[in-house]
Amino acid sequence: MNPQILYVEDDRFSRKVVQVLLDEVMELTKLTVFENSEEFLTKVEALPDKPELIFLDIQMKPIDGFAMLELLRNHDDYKSATIIALTANVMAHDVEKLKEVGFDGLIGKPIMSDIFPELVKRIVDGEAIWYIP
Amino acid sequence: MLSTITTFLKTPTFQDTDKRREFNTLNTILITLLIASLPAMYVTWQLSNVMEFFNVVVATIIALVSLVLIRQGIYAVPRYAIPGWLMVLVTYSIARGGGLHDITLSGYWMIIALASLMIGRPAPLVFSGLTVVTIIGIYWGEQNHYVNTGRSPSQFMDVIVLSIFIFISAVLLQILMTNMEQSLARAKESEQRVLKLNNELEHRVADRTRDLTVAASVSTGFSSILDLHELLDQVTTRTREGFDLYHTAIFLLEDNGNSLSLYASSSRGGRPLAKMNFAVDATGLVPRTARTRQPVLVNDVTQTPDYYSNPLLPNTSAELSLPIVSGDELIGVLDLQSDHAGVFSDDYIRAMTPLATQISIAVKNAQLYAETEEARRTAEEANEVKSQFLANMSHELRTPLNAILNFTGFVAKGVMGPVNERQTQTLNEAIDSGKHLLSLINDILDITKIEAGLMDLFIQEVNLNEIVGAAASIAKGLVKSKPIDLHIEIADDLPTTYGDKRRLRQVMLNLISNAVKFTPEGNITITAENKMDSIFVTIKDTGIGIAPKDHELVFDSFKQAKHELSETVGTGLGMPISKYFVEIHGGKLWFDSVPGEGTTFSMELPVMTEKQARQISEALLGEK
């Protein structure tokens with residue numbers, strides 16, 4: 001198990017946490033990280049390998065997680081990618097909205113490092129995970 | 001031929017009863033005369049009395065002609081012809097018979113009476129005059145031997161006496177007739193007056209009924225229009241159309257009752273007036289109505305000094321201003337204008353007053369609705385702000401915690417390089433504190449949402465076996481470091497229900513972690529069973545228990561925070577939050593406790609359909 005992973009996150013601490021967990025703890029090495037959502041689709045298309053698992057932060061600039069999801073879902077190459085929201089917006093109505101617009105799952109912040117690897121594993125295995133700490 | 005005659009002789013129809021009565025009288029007399037003339041003709045023919053026979057024939061002809069004439073509406077000829085001819089007959093008999101000596105007055109009196117009946121008031125004098133002339137004629141004829149009765153001629157005294165008698169009789173008859181006619185005329189006049197009064201009354205009743213009906217239909221549905229401007233537009237338009245007025249307008253009192261403002265108007269074939277505003281003490285009928293709170297009725301505006309002539313309404317001839325009053329409060333003025341002078345009346349005011357009342361109620365309703373709407377909007381905005389604030393706070397607290405918890409964890413687990421046991425232990429304590437902080441944040445957010453009425457549920461299918469099972473396995477982890485025996489008795493037939501999975505899990509975890517926290521050593525027993533469409537969960541510990549004085553504080557979020565109980569229990573918000581979630585899932589949460597012996601928390605949770613759960617969720621959202 002070593003899928004192509006894309007992570008879009010503007011908070012550098014969150015980036016570091018997820019990078020350490022995925023890359024160092026879980027040894028999922030095929031990880032690309034975007035620090036903002038500028039020219040998002042162009043940058044995704046420029047990737048040498050098509051990402052299979054995508055983690056999106058929601059509160060981002062210039063476009064937010066919902067806009068990024070829409071761009072991906074309207075693109076033939078990423079229509080079927082697994083897209084997970086990785087966000088601190090975890091109020092009930094936020095979660096409902098994430099489900100409505102077509103996210104495949106949610107891992108809420110703060111990330112619980114002791115169960116994060118298991119959650120990712122289950123997501124890769126095709127399970128719908130909606131985890132709020 | 002016969003049918004032509006029948007048609008010709010047919011009795012005409014009369015609208016007027018007097019005319020009919022007159023016709024019937026004449027008709028009866030003439031037919032009687034006609035029937036009597038037939039045997040008379042026969043007898044005179046048999047007696048070969050030519051003169052007599054001729055008389056009867058003339059009478060018959062007069063009767064026949066008269067019968068025809070009255071059917072053509074000609075009455076004068078038969079009226080005069082019959083008594084006239086009778087007179088000729090009587091005179092002839094006197095002249096042929098015994099002269100003036102011999103006559104009784106009865107013959108002439110009969111003639112005069114008959115004439116009076118048939119002709120009316122002038123007849124007695126006319127016919128008495130004719131009679132006197134005839135008497136004088138006969139006397140003159142006798143004196144000059146033109147008339148020979150075969151008896152000695154009459155004396156002049158006879159003429160005088162007879163004439164006086166006839167004249168007196170005629171005058172008496174005339175007086176009688178005049179009196180009778182006057183009485184008749186008076187009776188007729190009163191009858192006419194009654195009829196006219198009746199008519200007027202019927203008219204007024206009809207008018208008033210129409211006005212009231214229009215007023216009622218105009219005001220139908222007013223109270224259901226909640227937008228003030230739409231309501232007033234409807235009122236002015238419908239009132240103007242319903243009563244066929246030239247112009248209608250509604251002014252509402254503003255500025256603490258100091259000014260009147262035009263809210264709506266409707267003109268026949270015209271545009272509504274532009275917004276206008278004037279002081280209550282200004283000149284004009286509308287301000288006068290507002291000042292006096294009485295209807296002001298002007299049926300001819302040219303005669304009214306304080307009529308305010310509006311150049312946009314050149315045809316206004318009459319104006320009626322009605323106060324719109326609710327209780328003691330003047331709300332505004334309803335102004336009606338007509339292009340016909342004199343159309344307004346007290347009846348009109350009476351018909352319009354209920355309409356003005358209806359308008360006042362509708363306006364009050366609309367104003368109240370607008371106020372409520374405004375309050376609701378403000379509350380909604382305030383809630384929106386609160387909700388947004390909570391969401392932001394949650395986000396802003398979770399983001400740094402993410403770094404704190406995970407970086408500490410990485411160091412503790414040696415990801416960032418080797419650490420010794422003491423360092424690991426200290427870092428793990430930092431992690432525990434961070435996790436505790438997260439649970440505090442969650443609790444505070446929850447209780448804030450509950451108190452603000454902003455809590456929302458995420459309804460989905462809930463497998464209770466899974467929830468209770470997961471809680472039990474977490475309990476196993478929690479008691480590991482403590483001398484506690486854990487007993488788990490969970491039935492395997494726990495049903496599937498609908499609700500907020502995360503919240504139900506939160507309740508179970510809270511109950512279990514509380515039991516572990518307050519049980520230094522001993523037993524904890526978790527049971528779950530399915531009974532009568534509800535599941536019952538108990539968590540029984542042999543811990544320190546809760547003092548009776550604290551019982552009522554366990555589920556109270558505010559009191560507890562001030563109480564010493566809070567020293568041992570984190571925020572102390574876990575229990576009130578749990579109780580809230582159980583109750584909004586339609587269930588119950590309670591406990592029994594003996595200090596020093598332990599506590600049993602029990603939960604009853606009804607199995608719900610998706611529809612029921614959604615209804616609860618929607619009701620919660622509706623409360624916002």
Side-chain angles (χ1 to χ4, degrees), chain A residues 7 9-28 55 57-61 64-65 85-100 103 105-120 122 127-133, chain B residues 384 386-417 427-428 431-432 434-435 437-439 441-442 445-446 448-449 454-460 474 477 500-503 505-506 509 581 614 617 620-621 624:
Chain A
Y7 178 39
E9 172 65 81
D10 59 354
D11 173 51
R12 68 191 175 95
F13 297 129
S14 295
R15 283 202 301 272
K16 189 170 170 185
V17 168
V18 173
Q19 266 174 319
V20 170
L21 284 172
L22 290 177
D23 192 34
E24 296 180 33
V25 178
M26 295 184 73
E27 292 174 353
L28 298 174
F55 292 105
D57 184 25
I58 297 300
Q59 276 191 29
M60 285 199 74
K61 278 171 186 167
D64 66 9
L86 214 161
T87 176
N89 296 110
V90 290
M91 308 283 271
H93 62 268
D94 296 320
V95 179
E96 199 141 353
K97 198 175 166 196
L98 292 172
K99 288 195 178 186
E100 252 167 47
F103 275 94
L106 159 73
I107 296 176
K109 289 179 192 170
I111 289 164
M112 295 286 127
S113 58
D114 42 357
I115 60 166
F116 182 78
E118 194 206 330
L119 293 178
V120 174
R122 279 157 64 185
E127 195 177 331
I129 297 292
W130 297 88
Y131 181 79
I132 301 165
Chain B
E384 189 55 41
K386 268 192 247 168
S387 186
Q388 194 54 50
F389 173 77
L390 287 178
N392 286 343
M393 196 176 81
S394 164
H395 183 268
E396 295 312 312
L397 290 171
R398 281 165 189 277
T399 306
L401 258 183
N402 189 33
I404 295 167
L405 282 173
N406 286 295
F407 292 163
T408 319
F410 294 158
V411 178
K413 286 195 176 76
V415 178
M416 301 295 162
L427 288 169
N428 279 335
I431 291 169
D432 283 346
K435 284 185 178 171
L437 181 59
L438 177 64
S439 74
I441 291 166
N442 281 338
L445 282 174
D446 281 349
T448 312
K449 280 195 272 185
L454 294 169
M455 182 56 79
D456 46 1
L457 292 181
F458 185 76
I459 302 297
Q460 61 191 129
I474 286 171
D500 191 320
K501 197 192 264 181
R502 191 166 77 91
R503 296 311 194 174
R505 193 187 291 128
Q506 185 181 341
L509 277 180
F581 282 126
R614 292 221 177 271
S617 172
L620 272 179
L621 288 170
K624 282 185 192 176

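Order of the sequence lines sets the chain letters (A, B, ...), proteins ahead of strands, with each chain counted from 1. If you're wondering where the values come from, they're calculated on a predicted model, not measured in any experiment.
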| query | Which atom pair, heavy atoms only, marks the closest approach of B:R398 to A:P110? | reply |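 That closest heavy-atom pairing would be CG-CD, 3.7 Å.
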| Can you tell me if NZ on A:K16 sees more than 12 non-hydrogen neighbours from other groups inside 6.0 Å? |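 At most 12 heavy atoms, drawn from other residues, nucleotides or ligands, come within 6.0 Å of this atom.
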| query | Quick check: are there more than 12 heavy atoms from other residues, nucleotides or ligands sitting under 6.0 Å from CZ of A:F13? | reply |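 No - once you tally the heavy atoms of other residues, nucleotides and ligands closer than 6.0 Å, there are 12 at most.
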Residue part contacting chain A, namely of [X], when any heavy atom lies under 4.5 Å:
| X | value |
| --- | --- |
| B:Q460 | side chain |
| B:D500 | neither |
| B:K501 | neither |
| B:L401 | both |
| B:L457 | backbone |

| message | Please classify the contact of A:E96 with chain B as side chain, backbone, both or neither, using a heavy-atom distance under 4.5 Å. | response |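 When you check distances to chain B, atoms from both the backbone and side chain of A:E96 fall under 4.5 Å.
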| Contacting region of A:N89 [heavy-atom separation from chain B under 4.5 Å] | both
Would you say [X] and [Y] make side-chain contact, with heavy atoms under 4.5 Å?
| X | Y | answer |
| --- | --- | --- |
| A:M112 | B:L405 | yes |
| A:I58 | B:H395 | no |
| A:M91 | B:S387 | no |

| Among A:V17, A:T87, A:V25, who wins on heavy-atom pairs under 4.5 Å with chain B? | A:V17
Spacing of [atom1] belonging to [X] relative to [atom2] belonging to [Y], to within rounding of 0.5 Å:
| X | Y | atom1 | atom2 | result |
| --- | --- | --- | --- | --- |
| B:N402 | A:L86 | CG | CG | 8.0 Å |
| B:S394 | A:I132 | OG | CD1 | 9.5 Å |
| B:N392 | A:Q59 | CG | CD | 6.5 Å |

| task | Name the option with the most non-hydrogen atom pairs under 4.5 Å to chain A; the candidates are B:K413, B:K449, B:M416. | result | B:K449
